[in-house]
Peer 1: 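First the structure, which I've put down as structure tokens, then a few questions once you've had a look.
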2 protein chains.
Amino acid sequence: MSAATDNLARDAAPGGSRRLILDTAARLLRSGGYHQTTLREIAEAVGIRKASLYHHFASKEEIVEAVVNDGVRFVQDAVVAALAETKGAPPRQRLEAAITAHLTALHGQRDYTTASFRVFTFGATPVPESVRAARRAYEDVWRNLIAELQAAGALPKERSPDLMRYMILGAMNGSIDWFRPGRFVTADVAREFSALILAR
Amino acid sequence: MSAATDNLARDAAPGGSRRLILDTAARLLRSGGYHQTTLREIAEAVGIRKASLYHHFASKEEIVEAVVNDGVRFVQDAVVAALAETKGAPPRQRLEAAITAHLTALHGQRDYTTASFRVFTFGATPVPESVRAARRAYEDVWRNLIAELQAAGALPKERSPDLMRYMILGAMNGSIDWFRPGRFVTADVAREFSALILAR
DNA sequence: ATCGACCTACCGTCCGGTAGGTTGGTGCAT
DNA sequence: ATGCACCAACCTACCGGACGGTAGGTCGAT
């Protein structure tokens, strides 16, 4: 390590300060939202001056957008992978795998995912197109899964698939408000959720 | 109406401007959250100067707190009333009545309830004690109802009552993100939700 | 005369963003 | 090997504007 400076990116892997900034921004956005989280705060937590952020990002908006989209992507990647791994398995097992993956990613990348759900919940600040696209893509994963489960008879065919999707995602995402790692075990929660949802 | 002024409370019922301010604040808080909603904005929408707000409230915090607590209270009153009306009815009917009441109040007082759920979701701004108390009181309503339904066998006894409560409330409250009055009918949604939750 | 309701004018503070350096490592021609 | 141009990374200093809140006055009904 060089002796004369406290610079971070200078000593880290190239491009590493970008990730460091995003990690920090995610943590602050999670607890403070868009308007309470300031660039000064982010810069101080990272250990650089505020103006230096503009070397890596063009605006506050760009930082926030990156965090929010990463949050959705983390969850989507986990669920897609879980569904690929359980290809051909019984419907019940696939649903439980998807729920487990969603909850695990949700709480494993808490800063990013919580920021994702909270930052752009307000209608006044228009949601950037990239964010809407990311969310739509993830919704499609569940749309397809629910259609598959209904076709297989694991979910009642007479129920509205839209309402079931909203319900399942709402119940899962609500867990960011009450889930505490010490108090619950993700797999247990996933099993309870599956049991309450699946037709018997 | 008096000729020389545009004053609102001067011409309205005594104390009416307080409600008008809260209605306006609720509408703005719903779409903008705490930090994006400014006193200047509220004052302008009401039709008075910003400083005049301080004649009715001591601070921004006090306005927000009133809105948020009203939001919870509206929902709680509706659910408690619905449960009183269905006293002695079959468990299934009581759950559906509670869900219907919750959803109806949630979307009937959209500005207040949405503000309630969104304004204090951030950990950095400490949630005022009065708000925490109001939320706890409402949670108790559901805690009791679920215990009753489990005892009656309408909900599976082997499931965690806490998780069921979190799940039901999460699914219902998530509807503020997707419910559109023209696209859905509250009673239909309530029936679907009940059907998906209740043991068959 | 009193007072609730509302006003104008102002305060210190913090915001996102910009202008224009400084620093130190890397590669290259000599 | 060494001088030097280059560039990513970061810096100090500043901007206009918006924020919540305060001081102190006006006005009209009772």
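Note on naming: letters A, B, ... go to the chains in the order of the sequence lines (proteins, then strands), and numbering restarts at 1 for each one.
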Peer 1: Give the rounded distance in Å between these two atoms: CZ of A:Phe57 and P of C:dT18.
Peer 2: 16 Å
Peer 1: Mind checking side-chain hydrogen bond (donor to acceptor under 3.5 Å, both in side chains) for A:Arg94 and listing every partner two or more places apart, or none if nothing turns up?
Peer 2: A:Glu148
Peer 1: How do A:Arg40 and A:His55 order along DNA chain D: which one's closest nucleotide is nearer the 5' end?
Peer 2: A:His55
Peer 1: Whole angstrom is fine here: how far is it from CD in A:Gln36 over to P in D:dG20?
Peer 2: 13 Å
Peer 1: What is the distance, rounded to the nearest whole Å, between atom CG of B:Leu53 and atom P of D:dT22?
Peer 2: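 Result: 13 Å.
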Peer 1: Once ring pair (Phe, Tyr, Trp, His ring centres under 6.0 Å) is applied, do any residues pair with A:Phe57, and if so which ones, sequence neighbours excluded?
Peer 2: none
Peer 1: For the side chain of B:Lys50, counting heavy atoms from C-beta on, which of D:dG20, D:dC11, C:dC7 is nearest?
Peer 2: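 Per side-chain heavy atoms of B:Lys50, the pick is D:dG20.
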Peer 1: Quickly work out the B:Leu39 CG to C:dC6 C1' distance and round it to whole Å.
Peer 2: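 Those two atoms, CG and C1', are 16 Å apart.
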Peer 1: Measure from the side-chain heavy atoms of B:Thr38 and tell me the nearest of C:dC6, C:dG16, D:dG20.
Peer 2: D:dG20
Peer 1: Take the protein atom CG of A:Leu20 and the nucleotide atom C1' of D:dC10, then report the distance between them rounded to whole Å.
Peer 2: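 Atom-to-atom, A:Leu20 to D:dC10, this comes out as 14 Å.
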Peer 1: Among D:dC19, D:dC11, C:dC7, which nucleotide has an atom closest to any side-chain atom of A:Ile48?
Peer 2: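 Nearest to the side-chain atoms of A:Ile48, counting from C-beta on, is D:dC11.
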Peer 1: May I have all residue pairs that pass ring-ring contact (aromatic ring centres under 6.0 Å, His included) and include part of residues 62-105 of chain A, sequence neighbours excluded?
Peer 2: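 Checked against ring-ring contact (aromatic ring centres under 6.0 Å, His included) - neighbours excluded - the pairs reaching residues 62-105 of chain A are A:Phe74-A:Tyr112, A:His102-A:Tyr138.
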Peer 1: What is the separation between atom NE2 on A:His56 and atom C1' on D:dC11, rounded to the nearest whole Å?
Peer 2: 12 Å
Peer 1: Is any side-chain nitrogen or oxygen of B:Ser52 closer than 4.0 Å to OP1 or OP2 of C:dC7?
Peer 2: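 The answer is yes; a side-chain N or O of B:Ser52 sits under 4.0 Å from OP1 or OP2.
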Peer 1: Without decimals, in angstroms, what is the distance between A:Glu41 CD and C:dC14 C1'?
Peer 2: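 These atoms are roughly 12 Å apart.
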Peer 1: How would you list, by chain and number, every residue that makes a side-chain hydrogen bond (donor to acceptor under 3.5 Å, both in side chains) with B:Ser175, sequence neighbours excluded?
Peer 2: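 Listed in chain order: B:His107.
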Peer 1: Scan residues 58-70 of chain B against DNA chain D and write down, sorted by residue number, each residue with any heavy atom closer than 4.0 Å; if none is found, say none.
Peer 2: B:Ser59, B:Lys60
Peer 1: Measuring from the side chain of A:Ala51 (C-beta onward, heavy atoms only), which nucleotide among D:dC10, C:dC7, D:dT12 has the closest atom?
Peer 2: D:dT12
Peer 1: Return all side-chain donor-acceptor pairs below 3.5 angstrom for residues 179-192 of chain A, not counting sequence neighbours, or 'none' if the list is empty.
Peer 2:
| from | atom 1 | to | atom 2 | distance (Å) |
| --- | --- | --- | --- | --- |
| A:Arg183 | NH1 | B:Tyr166 | OH | 3.4 |
| A:Glu192 | OE1 | B:Ser160 | N | 3.1 |

Peer 1: Does B:Lys50 use its side chain to pair, donor to acceptor, with the backbone of B:Glu41 at less than 3.5 Å?
Peer 2: no
Peer 1: Do the side chains of A:Arg135 and A:Asp140 get close enough for a salt bridge, i.e. N-O under 4.0 angstrom?
Peer 2: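 Salt bridge: no.
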Peer 1: Given atom CZ of B:Arg49 and atom P of C:dC7, what is their separation to the nearest angstrom?
Peer 2: 5 Å
